[in-house]
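Worth saying up front: this structure is predicted, and the values here are computed from it rather than measured. One-based numbering, in listed order, for ligands and for the atoms of each. The first residue in the sequence is number 1, and the count goes up from there.
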Amino acid sequence: MGIQLHEKLLLTGAAGGLGQALRQRLKANCKVLRLSDRVDFGAAGAGEEVVLADLADAAAVDVMVRGVQAIVHLGGVSVEGPFGPILQANILGLYNLYEAARKHGVKRVVFASSNHVTGFYRQSETITVDAPPRPDGLYGVSKAFGEDLSRFYFDRYGIETACVRIGSSFPEPKDRRMLATWLSFDDLHRLITACLSTPVLGHSIVFGMSDNAVTWWDNSGARHIGFAPQDSSDIFREAVYARTSAPDLTDPAVQFQGGAFVKAGPFAD
Ligand code: NAI
Ligand code: 15L
């Protein structure tokens, strides 16, 4: 399913949930898949390299990036929490990644942004990729920073980036909200493949969702990426409704797209 355009592709966050889901799938996109995380996740297999690095460590990130042609960047703090780790991994870490990409001539990045960049829009709204950010927490703010930082590195240095505002990428939707936000692992791989292979990516924002009947996001401004989802949360709808209770419409987690993230925290550092 992948298109092999790159000799060596870097996947960060390889030990995480999505990293594990993509490890085999992304081998179709390159000759050598370099895997990185800050925690040990075992040895490299055939066609793989492992380079451990903490994103906050500029020298380690430089080594991690050297020699690759493109990056799928999943590494970092993936939920709302104290600002310290978010600052280190998602803000300083992203700066280190783009500085290394600039120094080593990497020209394309797929950045795992998040729907929490726009989590304070209502579930009754449909927003486009151009809607102004309304982050629902410090995590969402850090992803909005990543979208702006990558735009700067495109405008100034020509590094193309797809900011993929992933909805909820899990084996199945866990609740009623995820019927709207769900992105299957195969569709995630299709989307990353599209971002890596579209001829002209520029700096783009795209929502990462499957072909769900209920949706809050309009990807028509990202048609140039060529993403055509093939899965849908709809096959899970009946089962999800059966095991969950009717939503409390006064609950902010039900009113806003970010769900429970909109009422998380504050956290002590
Ligand atoms: P995860 O939390 O399972 O994986 C993140 C990985 O990043 C972990 O293996 C962790 O060790 C690594 N990491 C954290 N701090 C680091 C640091 N300072 N240096 C190096 N590595 C570090 O998250 P998941 O679910 O796999 O998500 C991957 C990416 O996609 C994240 O950036 C997340 O924000 C984004 N995303 C995921 C969604 C989902 O539904 N799974 C939805 C929206 C965005
Ligand atoms: C995210 O950004 C998180 O990384 C993931 O764990 C999910 O909670 C997802 O958003 C979501 O909104 O469901």
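- When only interatomic distances are considered, the shortest N/O to N/O separation between Ala56 and ligand 1 does not fall below 3.5 Å.
- The environment of OH in Tyr95 is sparse: at most 12 heavy-atom neighbours from other residues, nucleotides or ligands sit within 6.0 Å.
- At the shortest separation from atom 38 (C) of ligand 1 among protein heavy atoms lies Ile166 CG2, 3.8 Å.
- Shortest contact from atom 22 (C) of ligand 1 to any protein heavy atom: Gly76 N, 3.8 Å.
- Backbone and side-chain nitrogen or oxygen atoms of Ser169 are examined, and one is located within less than 3.5 angstrom of a nitrogen or oxygen of ligand 1.
- Both Leu26 and Leu35 belong to a common hydrophobic cluster when Ile, Leu, Val, Met, Phe, Trp and Tyr are linked at side-chain heavy-atom distances under 4.5 angstrom.
- Ligand 1 is approached by Lys143 to a heavy-atom distance shorter than 4.0 Å.
- For the pair Asp211 (side chain) and Ser232 (backbone), a donor-acceptor distance under 3.5 Å is absent.
- Atoms of ligand 1 found under 4.0 Å from any heavy atom of Gly75 (numbered from 1 in listed order, with element): 7 (O).
- Under the 4.5 Å side-chain heavy-atom criterion for ILVMFWY residues, a single connected hydrophobic cluster contains both Leu55 and Leu92.
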Evaluation steps, side-chain contact (heavy atoms from CB on, under 4.5 Å), between Ile159 and Val106: CA-CA 7 Å; Ile159 300 174; Val106 176; 5.6 Å; no
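- Considering only residues two or more places apart in sequence or on other chains, Cys195 meets the side-chain contact (heavy atoms from CB on, under 4.5 Å) condition with Val110, Ala162, Val164, Leu191, Ile225.
- The single protein non-hydrogen atom nearest to atom 35 (C) of ligand 1 is Ala112 CB, 3.9 Å, given as residue, atom name and distance.
- Between Asp136 and Lys263 there is no salt bridge, since no side-chain nitrogen of the basic residue lies less than 4.0 Å from a carboxylate oxygen of the acidic one.
- In terms of protein heavy atoms, atom 28 (C) of ligand 1 is closest to Leu74 O, 3.5 Å.
- Of all atoms in ligand 1, numbered sequentially from 1 with element shown, those under 4.0 Å from a heavy atom of Gly167 are 40 (O), 42 (C), 43 (C).
- Cluster annotation: Phe145 is connected to Leu97 through the hydrophobic network of ILVMFWY side chains, with a link wherever side-chain heavy atoms come within less than 4.5 Å.
- In this structure, the side chain of Arg108 engages the main chain of Leu196 through a donor-acceptor pair within 3.5 Å.
- The closest approach between Ala21 and ligand 1 stays at or above 4.0 Å for every heavy atom of the residue.
- The number of heavy atoms from other shown groups lying within 6.0 Å of CZ (Arg243) is above 12.
- In terms of protein heavy-atom proximity, atom 34 (O) of ligand 1 is closest to Tyr139 OH, 2.5 Å.
- Using a non-hydrogen distance threshold of 4.0 Å, Phe170 registers as a contact of ligand 1.
- Counting atoms of ligand 1 from 1 in the listed order, those under 4.0 Å from a heavy atom of Gly16 are 3 (O), 4 (O), 9 (O), 26 (O).
- By the 4.0 Å heavy-atom criterion, Ser113 is counted among the residues contacting ligand 1.
- For ligand 1, the atoms lying closer than 4.0 Å to a non-hydrogen atom of Ser168 are 40 (O).
- Protein heavy atom nearest atom 21 (N) of ligand 1, with residue, atom name and distance: Arg38 N, 3.6 Å.
- Comparing heavy-atom distances from atom 19 (N) of ligand 1 across Leu94, Leu55, Asp40 singles out Leu55 as nearest.
- Looking at atom 2 (O) of ligand 1, its nearest protein heavy atom turns out to be Ser78 OG, 2.7 Å.
- Residues lining ligand 2 at a heavy-atom distance below 4.0 Å are given as Ser78, Ser114, Asn115, His116, Tyr139, Gly167, Ser168, Phe170, Arg177, Met178, Phe261, ordered by chain and residue number.
- Annotation: cation-pi pair Arg25/Phe185 absent, no NZ/CZ under 6.0 Å from the ring centroid and within 45° of its normal.
- Under the 4.0 angstrom criterion for non-hydrogen atoms, Pro85 is not in contact with ligand 1.
- Cation-pi geometry between Lys143 and Tyr139 is not met: the NZ or CZ atom fails to fall both under 6.0 Å from the ring centre and inside 45° of the normal.
- Ring orientation note: the planes of Trp182 and Phe236 are nearly perpendicular, at an angle over 60° on the 30°/60° scale.
- With hydrogens left out, the protein atom closest to atom 8 (C) of ligand 1 is Asp37 OD2, 3.5 Å, a heavy atom.
- Residue Arg223 holds its CZ atom at 12.0 Å from OG1 of Thr198, rounded to the nearest 0.5 Å.
- Ring geometry for Tyr98 versus Tyr153: interplanar angle of 30 to 60°, hence tilted.
- Considering both main-chain and side-chain atoms, Gly17 comes within under 3.5 Å of ligand 1 through a nitrogen or oxygen pair.
- Numbered from 1 in the order shown, with element, the atoms of ligand 1 that lie under 4.0 Å from a heavy atom of Ala53 read 19 (N), 20 (C).
- Each of Asp234, Val214, Val240, Thr244 was compared with Leu179 under the side-chain contact (heavy atoms from CB on, under 4.5 Å) criterion, and only Val240 meets it.
- In this structure, Arg66 pairs ionically with Asp62, as a charged nitrogen and a carboxylate oxygen lie closer than 4.0 Å.
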